[in-house]
Amino acid sequence: CPKEGAEEWGPWWFEPSHPHVRGRKPSMLEFYHRYIALDEKNNADQPFTVAFPQGARFAASRARIHARPRSYYETLLQQLSRSIDPIEGYWMEAAWYDVFH
């Protein structure tokens, strides 16, 4: 949190110098539309708001998990297995709700 209070919060996520933005591919929007929403051809240029619990704390029922095919999760796992600290892991933290809803 900013030491001077809430008025110091800014659009840090979108600043070019932010470590999660700087030269990382895919971008959060590209990853979200390609692997989470599966709508990259229709909505890739549409803005959206993501609200998520920090630290990826969530619960999902068996029925919600089984609502998507196994191949969906296998593709996500492939994306997260490319390096020790993939940028996609940060994108997943923000996307768990959409994966299961």
L80 CG to I87 CD1 distance, which is reported to the nearest 0.5 Å: 11.0 Å
What distance do Q78 atom CD and Y73 atom OH have between them, rounded to the nearest 0.5 Å? 16.0 Å
Quick check on the hydrophobic clustering: are Y97 and W91 connected, directly or via other members, by side-chain heavy-atom contacts under 4.5 Å? no
How far apart are the C-alpha atoms of F31 and L76, what are their side-chain angles, what is the distance that settles it, and do they pass the side-chain contact (heavy atoms from CB on, under 4.5 Å) test? CA-CA 10 Å; F31 180 80; L76 288 175; 4.1 Å; yes
Residues two or more places apart in sequence or in another chain: which of them pass side-chain hydrogen bond (donor to acceptor under 3.5 Å, both in side chains) with R62? none
Where the side chain of Y72 meets the backbone of I36, is there a donor-acceptor pair that is under 3.5 Å apart? yes
Which atom pair, heavy atoms only, marks the closest approach of H101 to R64? CA-NH2, 3.0 Å
Residue list, salt bridge (Lys or Arg N to Asp or Glu O under 4.0 Å) with R68, at least two apart or on another chain: none
Residues two or more places apart in sequence or in another chain: which of them pass side-chain hydrogen bond (donor to acceptor under 3.5 Å, both in side chains) with R34? E40
With sequence neighbours excluded, tell me which residues meet side-chain hydrogen bond (donor to acceptor under 3.5 Å, both in side chains) with E88. none
Sorted by chain and number, sequence neighbours left out, side-chain contact (heavy atoms from CB on, under 4.5 Å) with S71 holds for P69, E74
What residues, two or more places apart in sequence or in another chain, satisfy side-chain contact (heavy atoms from CB on, under 4.5 Å) together with S81? L77
